[in-house]
2 protein chains.
Amino acid sequence: MLRISKLTDYATLLLTHMARAPQQVYSARGLAEQAALPLPVAAKLLKLLAREGLLVSQRGAAGGYVLARAPQRISMAQILAAVEGPLAVTECALGRGVCEMEKGCATRPHWQLIGHALQVALEAVSLADMVAPKAAPVRLQRLER
Amino acid sequence: MLRISKLTDYATLLLTHMARAPQQVYSARGLAEQAALPLPVAAKLLKLLAREGLLVSQRGAAGGYVLARAPQRISMAQILAAVEGPLAVTECALGRGVCEMEKGCATRPHWQLIGHALQVALEAVSLADMVAPKAAPVRLQRLER
DNA sequence: GTTAAATAGGACTGTACAGGTTCTATATAG
DNA sequence: CTATATAGAACCTGTACAGTCCTATTTAAC
Ligand code: FES
Ligand code: FES
């Protein structure tokens, strides 16, 4: 559990493919075939990613999508945020005031900490890392106290 | 997004309360009141946690639940696994053979890495940490390469 | 200017699963 | 024996995810 949604997974498929030849213009149709996704699904995702600023779109005939910036500068955290919205491990993790028992809640700061660790992990992996043959350079360590 | 389920959140509420006085026996009714949860929900969760080995149950009158081990030895990873099942960030992250395009998939190992970082983060925080006033000692760092 | 090809944006739908309830069986203290 | 507790399963329900479809709008090419 604690899964990312399928849509996010699909999005990374599309983006990693584009990352192999950035600056190139890709049509929704072509990308859908490449990723073996139904066209409507791919199209929907691409529109979303463009709206969120990860892709630049070109309308009209011979149009398509291009990565908005270099693959090194697109993190998994950004992709996830674009597709699923802001990262929030628990309901009341973000948004001060959402939870009524906010003050005096002892578990809250610790959840935030876990959330933060996750955030860093996702930020540390870029699209470029995802297409690299080697594992990405992230490591998490426990500090003694 | 990337939320833990409400149930998991509830479970930590129950467990953290028990962690403040371990070895004590708690009834489902009492815990439900404490956590301001509907009794059926709390009861269901407690049964589950007992089945998963995080709690020891005592049936009959004057029965109830006790933490199966010291709060230091119960990690958030275990709680999450108990409630939501094994951690798997993506569909094909765990279970070799689930995904057909497994071999030759470049994104897979990197997802696994992210999953692993998350796993470590969750293992690093214990139930004892959750009731402690200070933030838990976890830190994630990006390695240069 | 017309046409064809592409994205933009939204409405719509089906469905799987989390979240929650209820009921019956079983164990145990007193 | 009875009251009190958990065990376990069946069941219901709402919602959010996953997926489709339709109607603009933009632009290249002829
Ligand atoms: S802040 Fe919402 S339960 Fe702690
Ligand atoms: S292993 Fe399933 S898509 Fe890569």
Side-chain angles (χ1 to χ4, degrees), chain A residues 1-14 18 24-33 35-68 80 82-86 88-91, chain B residues 1-14 18 24-33 35-68 79-86 88-91:
Chain A
M1 286 298 151
L2 206 70
R3 293 227 165 82
I4 62 167
S5 78
K6 275 192 190 179
L7 277 304
T8 307
D9 200 1
Y10 297 163
T12 65
L13 277 183
L14 297 171
M18 298 178 79
Q24 187 177 333
V25 180
Y26 297 89
S27 72
R29 182 178 309 273
L31 285 169
E33 275 175 23
L37 292 176
L39 178 54
V41 174
K44 183 182 191 175
L45 273 171
L46 291 166
K47 286 179 226 175
L48 179 58
L49 292 171
R51 228 178 307 163
E52 295 290 326
L54 295 187
L55 297 178
V56 173
S57 65
Q58 176 60 35
R59 292 170 76 156
Y65 298 93
V66 194
L67 288 181
L80 197 126
V83 179
E84 306 190 25
V89 181
T90 67
E91 203 75 36
Chain B
M1 285 300 150
L2 205 71
R3 295 228 165 80
I4 62 167
S5 77
K6 275 191 191 180
L7 277 303
T8 308
D9 201 1
Y10 297 164
T12 65
L13 277 184
L14 297 171
M18 297 177 79
Q24 186 178 333
V25 180
Y26 296 88
S27 73
R29 181 177 310 272
L31 285 168
E33 275 176 24
L37 292 177
L39 177 55
V41 175
K44 184 182 190 176
L45 273 170
L46 291 166
K47 286 178 223 173
L48 178 58
L49 292 171
R51 231 179 304 163
E52 295 291 326
L54 294 187
L55 296 178
V56 173
S57 65
Q58 177 61 34
R59 292 169 75 155
Y65 298 94
V66 195
L67 288 181
I79 299 175
L80 197 127
V83 179
E84 306 191 25
V89 181
T90 68
E91 203 74 36

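Naming: A, B, ... by sequence-line order, numbering from 1 per chain. Here the structure is a predicted model, which is why all the values come from computation and not from measurement.
Checked against side-chain contact (heavy atoms from CB on, under 4.5 Å), B:E33 has the following partners two or more places apart in sequence or in another chain: B:R29. With sequence neighbours left out, A:T8 forms a side-chain hydrogen bond (donor to acceptor under 3.5 Å, both in side chains) with A:S5, A:E84. Shown here are the side-chain hydrogen bond (donor to acceptor under 3.5 Å, both in side chains) partners of A:S57, two or more places apart in sequence or in another chain: there are none. Remark: A:Y10 engages no residue in a ring pair (Phe, Tyr, Trp, His ring centres under 6.0 Å) (not counting sequence neighbours).
The CG-C1' distance, from A:L46 to C:dA5, rounds to 16 Å in whole Å. Spacing between atom CG of B:L37 and atom C1' of C:dG20 amounts to 12 Å, rounded to whole angstrom units.
Nearest to the side-chain atoms of A:V41 among the listed nucleotides C:dT21, D:dT6, D:dT20 stands D:dT20. Closest approach to the B:Y10 side chain among D:dT20, C:dG19, C:dG20 is made by C:dG20 (side chain taken as heavy atoms from C-beta onward). Considering only the side chain of B:L7, C:dA18 comes nearest among D:dA7, C:dA18, D:dT20.
Among the protein residues, B:A43 comes within range of no part of the nucleic acid, since none of its heavy atoms lies under 4.0 Å from any strand.
Of the residues in residues 47-56 of chain A, those placing a heavy atom less than 4.0 Å from an atom of DNA chain C are A:K47, A:R51, in numerical order.
One finds the NZ atom of B:K44 at 12.5 Å from the CG atom of B:L49 (value rounded to the nearest 0.5 Å).
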Nucleotide-resolved protein contact map, nucleotides 24-30 of chain D, B/S/- at heavy-atom distance under 4.0 Å | -BBBS--
